[in-house]
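Comments concern the structure below.
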Amino acid sequence: MKVVRIHEHGGPEVLRYEEVPLPEPGRGEARIKVEAAGVNFTDIYNRIGLYKGTLPYTLGSEAAGVVDAVGPEVTEVKPGDRVAYAMHLGAYAEYVVVPAWRLVPLPPAIDGRTAAAVILQGMTAHYLTHSTYPLKPGETVLVHAAAGGVGRLLVQVAKRLGARVIGTVSSEEKARLAREAGADEVILYTKEDFEEAVNRATGGRGVDVVYDSVGKTTAEKSLNCLRPRGYLVLFGNASGAAPPVDPLALMAKGSLYLTRPTLTHYAGNRAELLQRARAVFDWVASEQVKVRIAKTLPLAEAAEAHRALEGRGVAGKILLLP
Ligand SMILES: NC(=O)c1ccc[n+]([C@@H]2O[C@H](COP(=O)([O-])OP(=O)(O)OC[C@H]3O[C@@H](n4cnc5c(N)ncnc54)[C@H](OP(=O)(O)O)[C@@H]3O)[C@@H](O)[C@H]2O)c1
C-alpha cells in the first residue's frame, strides 16, 4: 500500500510517497481503508520535529473510511462499518491500523470526507468551549487565527453558546470568512496591534477567555487582553512554541489562569470520545456548524498540502485522498 512517511525532520520535501506492506490489525485493533485523511497543523509539528516520534513513520492523525479487517477481541466495530478517528498516527495512507476504541461510527448524514474534515478540529472546538473553559452567554472571547480550521469552528460554536466573538486573522479575505462564520469583530493582527484593538473593543475590561493556537507571536499579548481572573487557553504553536510564563506575571496581570491543553486528554476514553464526536456530528448534520473543505489533494501531493497550510494560504480544511 502507499503511504506518506518521514525518515528525517525538515521541510515539506522530507515527505516521501512510498510503498510499504499492508499492516495486520493486532489484538483490539482494526484496519481502515482510508477514504480521506485530514491535514492538521500537528502534522507540521511532527514533520519539523517539534513533536517527536520514532523515525521513520507515517504522518497524519485523522481519517475516515471503512473498516476492512479487525483483530482479536474487537467489540466496538466490524468489517464494513463507516468510521472516523483522530489522534492516532498513520493516516496519510491507503490503509491504517487503529486501536478499535478510538473509532467513531459515522451517522448516515455524515459522509466520509466531512467526517475526516471535522472529527479532530470539531472535537477540539468542543472541548475548548465546553470543558477547558465552559463559555457562558454574554461572555466575550478572543479567537486567534479565526479563519483557520479550528478557528472557524471555534467562532461558530462560541456564537451558538451566546458569546461575543472577537477574531484575529492575517488578511482581508480571511476577515470575510471569519465574519461569515459569525465573528462580531475581526482584527487584522498583521496590520494592527491586537492588544490595543481588544482593549478598545472591550472598553478596557478585557475578554473572559483567549483561545490562542498561534503561540510564539501572540501568547504574551494574549495575557494582556484578559479581564482579571480571565483564562488564557494556549492550545497550539502555529508561529512557534510560546515562551515560558513567570507565575508572578499571572498575578500582576490580574490573577490569571493559563492552561496548555491537548485533545488527547479530553477524549482519552471511549465514553468521552463518543460523547464529543457525536456532539460534533450532530452540529454538522443539523447545520448548526458548517465545515469548510478548502482543498482536496491526492495523497501523493501531501507536501503541497503542507506548503499551503504553513504558508497561511488556506482558510478551512485540507484533505488528502489516497
Ligand atoms: N491542543 C489541541 O488539542 C489542538 C488540536 C487541534 C489543533 N490544535 C492547534 O490549533 C491550531 C490550528 O490548527 P489547524 O490545523 O486548524 O490550522 P489552521 O488554523 O488552519 O492554520 C494555522 C493558522 O495559524 C495562523 N498563523 C499565525 N501565525 C502563523 C505562522 N507564523 N505560520 C503559519 N500560520 C500562522 C494562520 O492564520 P492567519 O493567516 O489568519 O494568521 C494559519 O492559517 C494549530 O496551532 C494546532 O496545533 C491544537
Side-chain angles (χ1 to χ4, degrees), residues 11-12 37-48 50-51 59-62 86-88 91 116-133 142-157 166-179 181 183 186-192 194 210-219 221-222 232-242 259-268 272-273 276 280 291-295 305-320:
V39 177
N40 291 284
F41 224 90
T42 321
D43 308 345
I44 292 169
Y45 307 145
N46 284 316
R47 196 201 70 215
I48 64 177
L50 183 66
Y51 295 173
L59 283 186
S61 295
E62 169 187 47
M87 305 306 278
H88 186 79
V118 78
I119 186 162
L120 194 154
Q121 295 175 344
M123 287 199 293
T124 301
H126 188 279
Y127 87 76
L128 292 173
T129 53
H130 287 68
S131 303
T132 307
Y133 182 86
L142 175 62
V143 176
H144 286 306
V150 179
R152 264 189 110 253
L153 295 167
L154 266 177
V155 170
Q156 296 179 72
V157 175
I166 305 174
T168 60
V169 295
S170 65
S171 69
E172 292 291 354
E173 173 58 8
K174 287 187 175 182
R176 188 185 67 72
L177 290 166
R179 280 196 200 93
V186 181
I187 301 163
L188 264 76
Y189 58 179
T190 40
K191 295 209 172 116
E192 194 185 356
F194 75 83
V210 182
Y211 294 113
D212 186 339
S213 64
V214 172
K216 189 174 182 178
T217 58
T218 49
K221 277 173 180 282
S222 291
L232 174 55
V233 179
L234 199 53
F235 71 99
N237 338 272
S239 67
T259 181
R260 190 7 181 132
T262 168
L263 177 59
T264 309
H265 302 128
Y266 284 88
E272 191 172 26
L273 166 73
R276 279 199 209 287
V280 170
V291 179
R292 184 168 197 272
I293 297 175
K295 218 178 177 72
H306 278 219
R307 283 189 195 96
L309 191 57
E310 273 175 301
R312 303 166 84 160
V314 281
K317 190 74 187 185
I318 309 181
L319 293 179
L320 294 176

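Because the structure is predicted, anything quoted here is derived from the model rather than measured. Every number for a ligand or one of its atoms is a count from 1 in the order of the listing.
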- Item | Lys216 (side chain) donor-acceptor with Asn237 (main chain) under 3.5 angstrom | no
- Message: Show me, by chain and number, every protein residue that has a heavy-atom distance under 4.0 Å to ligand 1.
- Response: Asn40, Phe41, Tyr45, Leu120, Gln121, Thr124, Tyr127, Ala145, Gly148, Gly149, Val150, Val169, Ser170, Lys174, Tyr189, Ser213, Val214, Phe235, Gly236, Asn237, Ala238, Ser239, Arg260, Pro261, Thr262, Leu263, Leu309, Glu310, Arg312
- Sidechain-backbone polar pair: Tyr133 side chain, Val233 backbone, donor-acceptor under 3.5 Å: no
- Using modelled atom types only, decide if a donor and an acceptor are shared between the side chain of Ser239 and the backbone of Thr217 within a distance under 3.5 Å. yes
- Message: Quiz question: by atom type and distance under 3.5 Å, do the side chains of Thr132 and Tyr266 form a donor-acceptor pair?
- Response: yes
- Pick one: which of Leu177, Val169, Val155 meets side chain to side chain contact (heavy atoms under 4.5 Å, CB included) with Val186? Val169
- Is the closest basic N to carboxylate O distance between Arg176 and Glu172 below 4.0 Å? no
